[in-house]
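The next block holds one structure in the form of structure tokens; read it before the comments.
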Amino acid sequence: MIEKEKLISELEEELEMEYQTTLERATPAQLHFALGRWASGALYSRWQGCRHSHANRKRAYYLSAEFLMGRLVFSNLYNMGVLDEVRAILADKGVDLACLEEVEDAALGNGGLGRLAACYLDSAATHNLPLDGYGIRYQYGLFKQAIVNGEQRESADDWQRQGDPWSLRCEADAVTVEFGDQTVNAVPYDMAVVGYGEGSVNTLRLWQAEAVEPFDFGLFNAQKYEEALRQKNEAENISRVLYPNDDTEAGKILRLKQQYFFTSASLKDILRRYKAVYGDDFSKFADSYAIQLNDTHPVIAIPELLRLLIDNERMEFNEAFEIAQKVFSYTNHTIMPEAMETWSAGLMAGVAPRVLEIIRLINERLIRELNARGLTRGQVLDYLILARGRVHMARLAVYVSHKTNGVARIHTEILKSHTLREWYQLYPERFVNKTNGITQRRWLGLCNPALASMITELLGSDRWITDLSELAGLRRYADDTAVLDRLIRIKQENKRRLCEHIKRHDGISLNPEFLFDIQVKRLHEYKRQLLNALSIIDIYFGIKEGRIENFTPTAFLFGAKAAPGYYRAKGIIKLIGEIARVVDSDPGVKNLLSVAFVQNYNVSYAELLMPAADVSEQISTAGTEASGTGNMKLALNGAVTLGTYDGANIEIVEQAGEENNYIFGLRVEEIDKLRPSYNPRQLYESNPRIRRVLDTLIDGTFDDGGTGVFQDLYDSLLKGASWHAPDQYFLLADFESYLDAKLRVNRDYRDRYGFARKCLLNIAGCGMFSSDRAIKEYADEIWGIADRA
Ligand SMILES: *Cc1c(COP(=O)(O)O)cnc(C)c1O
């Protein structure tokens with residue numbers, strides 16, 4: 001219980017001090033700041049207490065270039081168990097907590113990989129596991145997107161503009177990071193990661209780059225002033241933006257500097273903490289810490305740890321190597337071998353010369369080991385960490401770590417059989433699977449309160465909040481029409497809530513009585529938003545021609561950001577906008593079809609979309625999506641999956657029942673078999689529906705504003721380009737089976753109880769997709785930090 005009077009007086013005090021305003025007059029941003037300060041204060045002693053009680057346990061650190069935290073205020077209050085109370089207390093004073101929905105997300109990440117990191121922190125804290133995060137405090141997060149005339153416009157995400165009450169600047173823990181041509185300060189900002197209920201409060205420590213010399217505005221010597229200003233800017237540039245444009249050499253250097261910056265600072269932090277306890281005796285180091293590398297962005301931490309141990313601690317190379325191998329483990333998120341990160345050795349020599357030397361030593365050790373195992377010269381080439389002037393980060397990660405994991409069962413199998421095949425042959429014991437998960441606190445408890453309370457009521461307890469496997473208990477209600485009725489009404493209300501938001505935020509009117517078919521994720525050709533778009537064109541013609549009868553009115557919703565330099569992805573956004581325009585202006589289909597592309601898809605928007613979906617579009621080409629987590633969020637909120645046998649879709653339908661989902665398309669083996677002889681033009685020529693749909697890209701049906709981008713989309717499917725074969729993602733090969741499945745969902749939806757039954761069984765099958773399950777597997781099987789409490 002929080003004391004009402006105390007909360008009010010503390011908020012009033014903060015508002016008076018910071019803004020000379022009152023609770024009644026405060027803007028949402030001001031209220032957010034005051035509430036954040038209050039919550040941070042309320043957490044402070046618990047936070048310090050956890051540092052103390054965890055002091056003698058092995059700790060794990062999660063190094064990630066991205067943490068897509070989203071809005072913190074609601075989830076922190078929820079995990080603190082005071083959200084409803086605070087809401088009620090403020091409502092008493094005439095303040096609606098919902099006004100904080102306009103507070104910006106902390107969008108320090110792109111998509112799935114960054115959101116995974118955020119879910120893992122939440123789960124570790126909730127289950128009292130000593131896991132802290134390390135990353136970069138970007139001044140600007142992922143760009144904000146507006147859709148203007150159907151086109152994406154980007155603007156800077158100045159997320160700290162209205163203050164950041166959740167971070168604590170820890171000047172005393174600042175360290176310096178040295179590059180070949182520059183030395184900067186790394187100043188940590190700590191965010192409390194609040195576990196739910198009895199959980200712990202862990203830390204996300206984000207580093208901000210600053211000049212070593214504090215900038216003196218009093219400098220009046222013009223030359224000195226200029227020089228100081230230049231150094232300040234060059235230092236601050238390092239943590240300025242998430243994923244600087246790397247088309248240019250300067251952009252590439254900046255990216256590598258970012259990676260080195262946060263990993264070097266984090267290791268120095270860890271070493272300082274270790275030495276405070278053990279001094280120069282490093283014999284306990286590997287038993288004290290586990291470090292997880294989230295994809296290859298932080299892999300430069302490996303040679304950096306060796307450098308710090310060898311150069312600063314006077315350790316022998318072999319000893320340092322063995323420590324690193326025991327401490328590090330690596331999560332791979334990539335399937336396509338050509339997408340693996342490599343760096344030019346020349347560039348690395350400029351950024352971190354000594355690190356490159358260490359990498360050479362590691363590479364020589366690798367060669368000796370492979371020779372000793374009797375590999376031929378030709379075989380050795382496939383393994384080289386340093387080859388043809390490039391540093392291969394994934395190879396470095398697998399070699400100098402004790403575990404490499406994929407993020408869904410099929411993905412790990414593909415790593416073993418294709419992407420990292422030769423490494424699997426060498427070290428089979430290092431490869432493990434850790435299927436991704438999501439936190440049910442944010443992705444059910446917080447975002448779908450009506451469904452959450454129904455579940456609690458039906459299960460007779462809220463244990464699912466910390467043990468999602470409890471959801472299996474819902475299976476017994478699959479044929480209970482009273483329960484299914486409630487489920488339908490909850491979805492209906494969530495759709496209404498979403499429609500209101502879309503109207504306000506995007507100016508688009510949708511009918512909440514429609515079936516809601518949703519595809520939300522980053523825009524990429526492999527995710528095949530274009531296939532979805534083409535299918536809508538086919539459905540449009542089908543309805544007009546009378547080929548499709550009794551079509552259940554459907555709203556097709558998209559949300560996605562395209563990388564600013566990704567021309568084709570932007571063309572796909574434009575095409576979806578054009579389809580929306582044509583459909584909307586056709587009175588013959590208007591009451592059957594709507595198409596909407598919502599702006600600025602982010603975590604907060606996802607929290608509104610997931611609970612309102614009937615159908616979850618997960619249609620990546622088999623063998624391209626490592627796992628996906630959007631698929632889990634949608635299933636947990638009771639959508640059926642319309643998807644391919646790819647990533648975690650496979651495990652979702654295995655748990656929820658294939659009969660309750662809509663799986664279509666070629667499987668990985670079939671794609672591999674088809675690839676050499678695949679001829680999309682033949683499909684175009686022999687299938688009139690495909691031809692008609694594709695021709696709309698070039699016959700003037702849709703207007704690309706004279707840019708030629710629709711012609712490019714057409715060519716990408718039928719002609720290919722210098723860098724890829726025609727239809728490299730097999731849209732046309734899957735076209736018919738996709739449309740069959742899509743129309744099957746549409747028919748099945750009319751049986752409202754039959755469909756709600758499928759939805760309920762999907763929810764019931766989501767137990768294993770909690771990040772709680774995933775993080776415990778990491779803790780037990782990779783880090784060895786299982787809870788002893
Ligand atoms: C979950 C999530 C993602 C990942 O979605 P996928 O469908 O798995 O690609 C991306 N962005 C946001 C904002 C998310 O919440």
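Read the numbers this way: they start at 1 and go in the same order the structure lists the ligands and their atoms. Being a predicted model, the structure only gives us computed values, none of them experimental.
For ligand 1 and Val520, the ligand atoms under 4.0 Å from any heavy atom of the residue are 7 (O). Ligand-side atoms of ligand 1 in range of Asn602: 13 (C), range being under 4.0 angstrom from any heavy atom. Counting atoms of ligand 1 from 1 in the listed order, those under 4.0 Å from a heavy atom of Trp443 are 15 (O). Using a 4.0 Å cut-off to heavy atoms of Gly628, the atoms of ligand 1 that qualify are 8 (O).
What sits closest to atom 5 (O) of ligand 1 on the protein, heavy atoms only, is Gly630 N, 3.8 Å. Here the heavy atom of the protein found nearest to atom 2 (C) of ligand 1 is Lys633 NZ, 2.5 Å. Nearest protein heavy-atom neighbour of atom 9 (O) of ligand 1: Lys527 NZ, 2.8 Å. Among protein heavy atoms, the minimum distance from atom 7 (O) of ligand 1 is reached at Lys521 NZ, 2.7 Å.
One side chain, Asn294 or Tyr62, offers a donor N or O that lies under 3.5 Å from an acceptor on the other.
Salt-bridge annotation for Asp734 and Arg528: present, with a side-chain N of the basic residue lying under 4.0 Å from a carboxylate O of the acidic one. Between Glu607 and Arg442 there is a salt bridge, with a side-chain nitrogen of the basic residue lying less than 4.0 Å from a carboxylate oxygen of the acidic one. Salt-bridge annotation for Glu413 and Arg409: absent, with no side-chain N of the basic residue lying under 4.0 Å from a carboxylate O of the acidic one.
Heavy atoms of Asn110 come nearer than 4.0 angstrom to ligand 1 in no pair at all. In this structure, Arg522 falls outside the shell of residues with a heavy atom less than 4.0 angstrom from ligand 1. The shell of residues lying under 4.0 angstrom from ligand 1, judged by heavy atoms, excludes Tyr605.
Taking all heavy atoms of Gly111, Gly70, Cys119, Ala648 into account, the minimum distance to atom 10 (C) of ligand 1 is reached by Gly111.
Polar contact check, Thr629 against ligand 1: a nitrogen or oxygen pair lies under 3.5 Å apart.
Between Asp122 and Ser771 the shortest side-chain heavy-atom distance does not fall below 4.5 Å. Contact of the Asn532 side chain with the Lys742 side chain is registered, since non-hydrogen atoms from C-beta on lie closer than 4.5 Å.
Annotation: cation-pi geometry not satisfied between Lys561 and Tyr601 (NZ/CZ under 6.0 angstrom from ring centroid, within 45° of ring axis).
Here the closest heavy-atom approach between residue Ala39 and residue Leu77 is recorded as CB-CD2, 4.3 Å.
Side-chain N or O atoms of Thr334 include none that pairs as donor or acceptor with a backbone N or O of Met336 at under 3.5 Å.
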